[in-house]
Amino acid sequence: MNNYKIILASNSPRRRQLLAGLDVDFEVKVIPGIEETVPEGTPVEQIAETLARQKAEPYKPNIEDGELVLTADTIVVVNGEVLGKPVDEEEAKAMLHKISGKTHKVITGVCFTTRAQQHSFSVSTDVSFKTLPENEIEYYVSHYHPTDKAGAYGIQEWIGYVGVKRLEGSYFNVMGLPVQRIWEEIKKMSD
């Protein structure tokens with residue numbers, strides 16, 4: 001793992017926590033104001049990976065030998081609709097109503113960029129929620145203000161404790177970074 005100096009290109013405290021859990025050294029560098037646009041016709045399964053690659057573009061000119069820039073993007077998909085981060089608490093409540101009583105997909109796209117190469121992949125996890133009563137949605141949104149989270153929830157927070165009935169796939173992917181797969185992919189690149 002010491003082949004690369006890892007640069008995490010994310011302000012997300014959850015991504016920092018998860019990457020730190022791998023016991024790898026990394027530094028956080030964030031270029032503000034990166035445009036995120038998905039080309040029309042992009043299949044839903046490829047949106048997060050496309051955005052992760054897009055986020056890497058501004059870093060390319062400044063990557064030094066031995067550096068690996070890690071970018072990521074997470075989306076929630078319910079009934080074919082992509083839920084990003086809500087713009088306000090009203091939209092957060094609407095998103096929670098959409099996932100209430102249903103199974104949805106959380107897809108995280110990850111991109112590794114070095115001076116010589118770029119490698120990307122995505123990981124998908126199915127999350128099943130119980131039917132959330134209005135008072136639980138109200139409580140969660142007013143106490144946790146989930147406007148910084150795709151799909152308007154954090155599985156590691158109160159709503160995850162009381163609402164998630166079943167999970168198929170990586171729990172850490174739902175938090176925002178599929179660390180098990182990242183570990184395996186970095187090992188491959190280091191060989």
Side-chain angles (χ1 to χ4, degrees), residues 1-38 45-77 84-85 105-127 144-161 164 167-191:
M1 290 296 172
N2 294 331
N3 294 12
Y4 292 105
K5 176 184 177 185
I6 298 173
I7 308 294
L8 175 62
S10 174
N11 272 323
S12 165
R14 289 164 299 284
R15 287 195 176 123
R16 273 186 239 152
Q17 173 195 2
L18 290 168
L19 192 56
L22 290 178
D23 288 343
V24 295
D25 292 328
F26 68 94
E27 177 183 339
V28 175
K29 281 188 190 172
V30 178
I31 297 174
I34 295 174
E35 189 86 13
E36 292 183 38
T37 54
V38 179
E45 301 77 30
Q46 294 174 15
I47 290 173
E49 190 173 338
T50 298
L51 290 171
R53 281 195 309 270
Q54 214 175 79
K55 288 177 178 181
E57 286 304 310
Y59 291 88
K60 281 182 173 181
N62 301 312
I63 296 175
E64 296 179 15
D65 287 333
E67 287 184 333
L68 181 148
V69 175
L70 189 163
T71 52
D73 195 84
T74 301
I75 62 168
V76 170
V77 182
K85 295 176 183 174
K105 285 194 177 308
V106 177
I107 304 169
T108 300
V110 177
C111 183
F112 296 145
T113 306
T114 66
R115 224 178 152 132
Q117 63 180 322
Q118 188 171 65
H119 172 62
S120 63
F121 58 91
S122 61
V123 174
S124 179
T125 303
D126 290 334
V127 182
Y144 290 86
H145 314 287
T147 54
D148 64 334
K149 296 170 180 69
Y153 79 94
I155 194 167
Q156 72 281 6
E157 295 176 338
W158 182 84
I159 199 77
Y161 295 175
V164 175
L167 183 84
E168 189 173 329
S170 168
Y171 172 83
F172 299 112
N173 183 53
V174 182
M175 280 181 68
L177 208 56
V179 286
Q180 186 276 330
R181 176 80 182 271
I182 285 172
W183 177 262
E184 295 303 322
E185 297 291 337
I186 290 176
K187 277 183 9 185
K188 278 187 219 170
M189 290 177 72
S190 298
D191 290 342

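Residues M189 and Q117 meet the side-chain proximity criterion, which asks for heavy atoms closer than 4.5 Å. Looking at L167 and T125, their side chains come closer than 4.5 Å, going by heavy atoms from C-beta outward. Residues V174 and K105 fail the side-chain proximity criterion, which asks for heavy atoms closer than 4.5 Å. R15 has its side chain out of reach of M175: every pair of non-hydrogen atoms, C-beta onward, lies at least 4.5 Å apart. Within the 4.5 Å cutoff, side-chain heavy atoms of V110 are placed close to those of I182. By the 4.5 Å heavy-atom criterion applied to side chains, I31 and I34 are counted as neighbours. Put simply, the side chain of Y4 reaches to within 4.5 Å of the side chain of T114, judged on heavy atoms. Counting heavy atoms from C-beta on, the side chains of K5 and I7 come closer than 4.5 Å.
Taking all atoms of both residues into account, the shortest heavy-atom contact from G109 to A52 is O-CB, 3.4 Å. Here the closest non-hydrogen pair linking P32 and V30 is CD-O, 3.5 Å. Across all their heavy atoms, V76 and A150 have their closest contact at CG2-O, 3.6 Å. The nearest pair of heavy atoms linking I159 to G154 is CG2-O, 3.9 Å. Across E185 and F121, no two heavy atoms sit closer than the pair CG-CE2, 3.5 Å. Nearest approach of P58 to P61, heavy atoms of both residues: O-CD, 3.5 Å.
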| said: Does D73 form a salt bridge (Lys or Arg N to Asp or Glu O under 4.0 Å) with K55? I'd like the steps, not just the answer. | reply: CA-CA 9 Å; D73 195 84; K55 288 177 178 181; 2.9 Å; yes
| Please walk me through it: do I155 and V164 pass side chain to side chain contact (heavy atoms under 4.5 Å, CB included)? | CA-CA 8 Å; I155 194 167; V164 175; 4.0 Å; yes
| message | For a side chain to side chain contact (heavy atoms under 4.5 Å, CB included) check, start with the C-alpha distance between Y171 and V127, then their side-chain angles and the critical distance, and finish with the verdict. | response | CA-CA 9 Å; Y171 172 83; V127 182; over 6 Å; no
| message | Applying side chain to side chain contact (heavy atoms under 4.5 Å, CB included) to F26 and L70, what does each step give before you reach the verdict? | response | CA-CA 10 Å; F26 68 94; L70 189 163; over 6 Å; no
| said: Could you walk me through whether Q118 and K60 satisfy the side chain to side chain contact (heavy atoms under 4.5 Å, CB included) test, starting with their C-alpha distance in whole Å, then the side-chain angles of each, then the deciding distance to 0.1 Å, before giving a yes or no? | reply: CA-CA 10 Å; Q118 188 171 65; K60 281 182 173 181; 3.6 Å; yes
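Tested against S122 for a side-chain contact (heavy atoms from CB on, under 4.5 Å), the candidates Q46, E49, E45 yield a single pass: E49. Between I6 and the options I186, V69, V28, D25, a side-chain contact (heavy atoms from CB on, under 4.5 Å) holds for only I186.
Here T74 contributes atom OG1 and K149 contributes atom NZ; the two are 12.0 Å apart, rounded to the nearest 0.5 Å. In this structure, the separation between CD1 on I75 and OG1 on T50 is 9.5 Å, given to the nearest 0.5 Å. For the atom pair T71 OG1 and E57 CD, the distance stands at 9.0 Å (nearest 0.5 Å). To the nearest 0.5 Å, atom OG of residue S12 and atom CG of residue L177 are 8.0 Å apart. To the nearest 0.5 angstrom, T147 atom OG1 is 8.5 Å from H145 atom NE2. Atom CG in L8 sits 5.5 Å away from atom CG in L19 (nearest 0.5 Å).
Side-chain atoms of R115 do not come within 3.5 Å of backbone N or O of E67 as any donor-acceptor pair. Here the side chain of Y59 pairs a donor or acceptor atom with the backbone of K29 at under 3.5 angstrom. R53 places no side-chain N or O within donor-acceptor distance of the main-chain N or O of S120, the cut-off being under 3.5 Å.
Side-chain polar atoms of R181 and T108 form no donor-acceptor pair below 3.5 angstrom.
Heavy atoms from other residues, nucleotides or ligands lying under 6.0 Å from CZ of F112 number more than 12.
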